[in-house]
Amino acid sequence: LMLISWPLLAVTGIFFAAWMKPALGPPPMPPKWFTIHRVLMLASMFIGAAGSLLIFVANKGLISLDPSRNLAHFLIGIFVMLLHIINPIISAFRCLPTSPRRWIFNLLHGSLIGLAVEMLALVNCGIGLSLFESNGYSSSPGSYRSLGFYVTYVVLLFLLFIALFSIFTGIAVITGGEKGLFECYSTN
């Protein structure tokens, strides 16, 4: 569930908030990019919470905190889920986009908490895969094929998002539907 929650849903939700404003910008309220971002991030939060809960259920509430095995994975996971739950709460109390204090929300929600949570979650998914393989759950333990596949997947996903952003923004600029990326963020 974590591999669905983070590298797929959350990365896609963040992509829409960070890069798709020029192509899916303002006209309807709320803008399309915002609706997609909100749905994907809430789905990511609920699926991630379900995955966390299933771990406790599977272990009958007992989590081994063996420092040589999974302590880092466990602690990062708890920290990530707490911040992932806090971030939408912060969103509920955000100010209007035109407020002079909006930069505080943008800094907290996207730049500090959002980016930190996503990076930690992606690293933690990799740690989880390596734990999975080193515990003998893989067809060839110790080979870390799944971890290699995961890293390749994340890199290709980001490259796909860059390509999609370029295509959608290009279409929006050519058709005159929206401003280009740099025009969209100018102060004029």
Side-chain angles (χ1 to χ4, degrees), residues 1-53 72-128 150 153-155 157-169 172 177-188:
L1 289 175
M2 295 301 182
L3 291 175
I4 294 169
S5 174
W6 292 106
L8 185 62
L9 296 174
V11 168
T12 307
I14 291 168
F15 169 78
F16 273 91
W19 298 104
M20 294 306 291
K21 290 176 190 172
L24 301 173
M29 287 310 281
K32 289 180 229 169
W33 69 265
F34 178 74
T35 303
I36 294 167
H37 169 72
R38 184 173 26 189
V39 167
L40 289 171
M41 296 310 290
L42 286 173
S44 169
M45 185 183 69
F46 287 119
I47 290 172
S52 298
L53 185 62
H73 181 67
F74 175 76
L75 293 176
I76 292 170
I78 294 295
F79 184 67
V80 162
M81 280 311 303
L82 286 173
L83 289 178
H84 198 31
I85 291 167
I86 289 170
N87 218 11
I89 294 170
I90 291 171
S91 299
F93 297 102
R94 70 186 177 277
C95 54
L96 293 173
T98 55
S99 170
R101 293 191 185 115
R102 181 62 178 222
W103 68 271
I104 298 169
F105 166 75
N106 291 341
L107 181 69
L108 279 175
H109 178 73
S111 300
L112 293 179
I113 295 174
L115 186 60
V117 166
E118 183 60 26
M119 293 301 117
L120 284 171
L122 290 174
V123 167
N124 212 31
C125 285
I127 292 170
Y150 172 72
Y153 167 77
V154 169
V155 168
L157 191 65
F158 278 107
L159 290 174
L160 173 67
F161 286 162
I162 290 169
L164 288 173
F165 164 72
S166 300
I167 291 167
F168 287 131
T169 302
E178 290 295 328
K179 297 178 181 179
L181 174 65
F182 298 108
E183 294 172 47
C184 192
Y185 296 107
S186 71
T187 55
N188 297 335

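Given the structure is predicted, the values throughout are model-derived calculations rather than measurements. Values below: all heavy atoms of this structure, side chains included; hydrogens, waters and symmetry mates excluded.
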> So Met45 and Ser5, side chain to side chain contact (heavy atoms under 4.5 Å, CB included) or not? Walk me through it.
Replying inline: CA-CA 7 Å; Met45 185 183 69; Ser5 174; over 6 Å; no

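Closest approach of Ala72 and Asn124 over heavy atoms only: O-OD1, 4.2 Å. Closest heavy-atom contact between Met2 and Ser52: CE-OG, 3.2 Å. Heavy atoms only, all atoms of each residue included: His37 and Ala17 are closest at ND1-CB, 3.4 Å. Thr35 and Pro30 make their closest contact through OG1-CG, 3.6 Å (heavy atoms, listed as atom of the first residue, atom of the second, distance). Of all heavy-atom pairs spanning Leu96 and Arg102, the tightest one is C-NH1, 3.6 Å.
Applying the ring pair (Phe, Tyr, Trp, His ring centres under 6.0 Å) rule to pairs touching residues 84-125 yields Trp6-His84, Phe105-His109, sequence neighbours excluded.
We find the CG-CG distance between Leu122 and Leu3 to be 10.0 Å, quoted to the nearest 0.5 Å. Put simply, CD1 on Ile90 and CD1 on Ile104 are 12.0 Å apart, with the number rounded to the nearest 0.5 Å. Between the CG atom of Leu83 and the CD1 atom of Ile78 there is a distance of 11.5 Å, given to the nearest 0.5 Å. Note that CG of Leu108 and OG of Ser91 are 10.5 Å apart. Values are rounded to the nearest 0.5 Å. Interatomic distance, Thr12 OG1 to Met41 CE, rounded to the nearest 0.5 Å: 9.5 Å. To the nearest 0.5 Å, atom CD1 of residue Ile85 and atom CG of residue Leu82 are 6.5 Å apart.
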Determine all donor-acceptor pairs shorter than 3.5 Å in which one atom belongs to a side chain in residues 110-119; sequence neighbours excluded.
none

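Heavy atoms of other residues, nucleotides or ligands lying less than 6.0 angstrom from CZ of Phe34 number more than 12.
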